[in-house]
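To start, the structure itself, in structure tokens.
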There are 2 protein chains.
Amino acid sequence: MAATKDPRPCSIADALTLVGEKYSLLVLREVCLGNGRFDQLVRNIGAPRDILATRLRRLVDAGILTKRVYSERPQRFEYRPTRAGLELEPVLLTLMAWGDRHLRGDDDRPMVVEHSCGHELLPVVSCSVCGSAVAHEDLTAHPQSPGWTVSGPTAAA
Amino acid sequence: MAATKDPRPCSIADALTLVGEKYSLLVLREVCLGNGRFDQLVRNIGAPRDILATRLRRLVDAGILTKRVYSERPQRFEYRPTRAGLELEPVLLTLMAWGDRHLRGDDDRPMVVEHSCGHELLPVVSCSVCGSAVAHEDLTAHPQSPGWTVSGPTAAA
DNA sequence: TCCGTGAGTTGGAAAAGCAAACCCTCACCT
DNA sequence: AGGTGAGGGTTTGCTTTTCCAACTCACGGA
């Protein structure tokens with residue numbers, strides 16, 4: 001008898017159990033910006049030190065960050081993103097763009113990201129096959145496990 | 001005297017105060033899939049009913065969801081994404097792709113999203129100006145508020 | 001009339017969050 | 001030798017959230 005507690009199997013949910021706790025994505029933000037030391041993280045994120053310590057352990061265990069020694073005697077550490085960590089950067093960029101668009105009057109953006117092409121980065125999510133930007137109406141979801149369905153538009157058996 | 005508690009101003013942080021609480025993005029997932037009714041959400045997400053109620057209120061207040069009546073007598077409701085909510089879908093897609101790649105042996109993906117071009121959607125985040133996929137090395141961050149700097153690669157005054 | 005469904009609310013225990021204080025190692029200054 | 005200060009955390013004690021089960025209320029159908 002399965003408990004009444006088996007939610008839809010989903011990689012979004014799985015990803016969020018790793019990086020969805022409070023502050024985890026902000027840690028990743030700082031680390032991607034190159035601010036990987038404990039006290040920098042405390043200051044720039046504004047998180048309690050103990051919680052930060054917990055998050056860092058978790059992110060290292062998950063293979064999203066690594067802890068590097070940048071000085072023996074006295075021993076000092078720095079957290080850096082792994083490959084997997086860097087591949088979460090698009091999530092941050094997309095979230096930042098959303099926040100800029102919906103939570104701020106245009107042009108009090110607290111940070112601007114510049115792309116190597118010379119312009120400000122305005123990230124778009126697109127289909128890597130056909131190259132066009134994805135819109136909700138163009139998507140059809142296909143759950144792979146029986147018993148899990150979708151209903152509305154964007155639906156499929 | 002500013003408290004010792006002013007973190008870096010950031011749209012990622014702001015966005016996460018709205019959608020970063022536990023279950024919020026899963027609610028958005030279900031709602032984007034067309035499963036917008038309370039009991040569907042409870043079942044598909046596996047969240048406690050009281051917390052779900054709290055999250056739904058918050059998301060509606062934030063303008064990310066709307067609560068629609070789909071039946072008077074007996075009164076029944078359905079939550080749907082607003083425009084702003086739909087614009088968060090790219091975040092979900094990116095997160096799902098990451099989870100599929102890093103948390104699963106390829107091909108036990110619990111859900112496949114099909115794009116209208118006929119292929120499975122493999123989302124990429126790209127620069128809307130030059131069209132090329134973004135890589136970490138191509139980015140330069142420019143904080144707009146004095147006092148907030150970045151250090152490593154990806155750094156800038 | 002009794003049962004089931006949808007959409008929540010309520011109450012109390014368990015877990016997580018928080019701020020401040022504390023600890024340890026080393027380096028530097030005097 | 002003693003004091004100061006930075007870096008990188010851990011400990012303590014309290015507050016806030018979560019969690020779970022049970023309960024409500026309004027209806028509709030058998």
Side-chain angles (χ1 to χ4, degrees), chain A residues 1-7 13 16-27 30-31 34-62 65-80 149 151-152, chain B residues 1-7 13 16-27 30-31 34-62 65-80 149 151-152:
Chain A
M1 60 174 75
T4 45
K5 195 58 177 304
D6 32 29
L16 286 174
T17 63
L18 294 183
V19 298
E21 293 167 300
K22 200 170 178 185
Y23 303 120
S24 293
L25 285 176
L26 299 183
V27 169
E30 286 303 316
V31 160
N35 303 327
R37 308 188 182 172
F38 193 84
D39 275 25
Q40 288 178 320
L41 293 170
V42 169
R43 276 192 297 278
N44 295 357
I45 295 174
R49 309 170 72 82
D50 58 341
I51 301 214
L52 206 39
T54 307
R55 294 293 179 272
L56 287 167
R57 260 188 297 268
R58 191 159 173 58
L59 290 170
V60 169
D61 288 356
L65 302 183
T66 49
K67 184 177 186 172
R68 283 189 13 151
V69 171
Y70 71 86
S71 150
E72 316 267 355
R73 341 243 79 228
Q75 220 164 47
R76 292 292 137 80
F77 309 100
E78 181 188 18
Y79 295 90
R80 303 176 118 269
T149 62
S151 337
Chain B
M1 55 175 76
T4 45
K5 197 56 175 308
D6 32 28
L16 286 174
T17 64
L18 293 184
V19 297
E21 292 168 299
K22 201 171 177 184
Y23 304 119
S24 293
L25 285 177
L26 299 183
V27 168
E30 287 303 317
V31 160
N35 302 328
R37 309 189 182 172
F38 193 84
D39 274 24
Q40 289 178 320
L41 293 170
V42 169
R43 276 191 298 278
N44 295 357
I45 295 174
R49 310 172 72 82
D50 56 344
I51 301 218
L52 206 40
T54 308
R55 295 292 179 272
L56 287 167
R57 260 188 296 268
R58 191 160 171 58
L59 290 170
V60 168
D61 288 356
L65 302 183
T66 49
K67 184 177 188 175
R68 283 192 11 153
V69 172
Y70 71 87
S71 151
E72 316 267 357
R73 340 244 82 224
Q75 216 161 49
R76 291 294 135 81
F77 310 99
E78 183 188 17
Y79 294 90
R80 306 175 117 268
T149 62
S151 334

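Each chain gets a letter, A, B and so on, in the order its sequence line appears, and its residues count up from 1.
- Residues meeting the side-chain contact (heavy atoms from CB on, under 4.5 Å) test with A/Ile51, sequence neighbours left out: A/Tyr23, A/Pro48, A/Arg55.
- Taking CD of A/Glu21 as the start and NZ of B/Lys22 as the end, the distance is 8.0 Å to the nearest 0.5 Å.
- The distance between atom CG of B/Leu52 and atom C1' of D/dC20, rounded to the nearest whole Å, is 14 Å.
- The separation between A/Leu56 atom CG and D/dT10 atom C1' is 14 Å, rounded to whole Å.
- Legend: residues meeting side chain to side chain donor-acceptor pair (under 3.5 Å) with B/Glu78, ordered by chain and number and at least two apart, are absent.
- Distance, B/Leu65 CG to C/dA7 C1': 16 Å, rounded to whole Å.
- Atom CG in B/Leu41 sits roughly 12 Å away from atom C1' in C/dG8 (whole-Å rounding).
- Separating the OH atom in A/Tyr79 from the CG atom in A/Leu52 is a distance of 8.5 Å, to the nearest 0.5 Å.
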The contact string for nucleotides 10-17 of chain C, one letter per nucleotide 5' to 3', using protein heavy atoms under 4.0 Å with B, S and - for base, sugar-phosphate only and none, comes out as BB-----S
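- A straight line from CD of A/Gln40 to P of D/dG7 spans 9 Å, rounded to a whole angstrom.
- Between B/Arg43 and C/dT5, a side-chain N or O to OP1/OP2 separation shorter than 4.0 Å is absent.
- At the heavy-atom level, B/Phe38 lies under 4.0 Å from base atoms of the strands shown.
- With rounding to the nearest 0.5 angstrom, the CG atom of A/Leu65 is 12.0 Å from the CZ atom of A/Arg58.
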Apply the test side chain to side chain contact (heavy atoms under 4.5 Å, CB included) to residues A/Val31 and A/Leu59: give CA-CA distance (whole Å), side-chain angles for both, the deciding distance (0.1 Å), then the verdict.
-> CA-CA 11 Å; A/Val31 160; A/Leu59 290 170; over 6 Å; no
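- B/Asn35 CG to A/Thr149 OG1: the interatomic distance, rounded to the nearest 0.5 Å, is 6.0 Å.
- Partners of B/Gln40 by side chain to side chain donor-acceptor pair (under 3.5 Å), not counting sequence neighbours: none found.
- Distance CZ (B/Arg37) to P (C/dG8): 13 Å, rounded to an integer number of Å.
- In this structure, the CZ atom of B/Arg58 is 11 Å from the P atom of D/dT17, given to the nearest Å.
- We find that CD of A/Glu30 is positioned 14 Å from P of D/dG8, with the value rounded to whole Å.
- The phosphate of C/dG6 has neither OP1 nor OP2 within less than 4.0 Å of any side-chain N or O from B/Tyr79.
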What one-letter contact string describes nucleotides 22-30 of chain C from 5' to 3', where B marks a base within less than 4.0 Å of any protein heavy atom, S marks contact via sugar-phosphate atoms alone, and - marks no contact?
-> ---BSS---
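- The list of side chain to side chain donor-acceptor pair (under 3.5 Å) pairs with a residue in residues 41-54 of chain B, not counting sequence neighbours, reads B/Glu30-B/Asn44, B/Asp39-B/Arg49.
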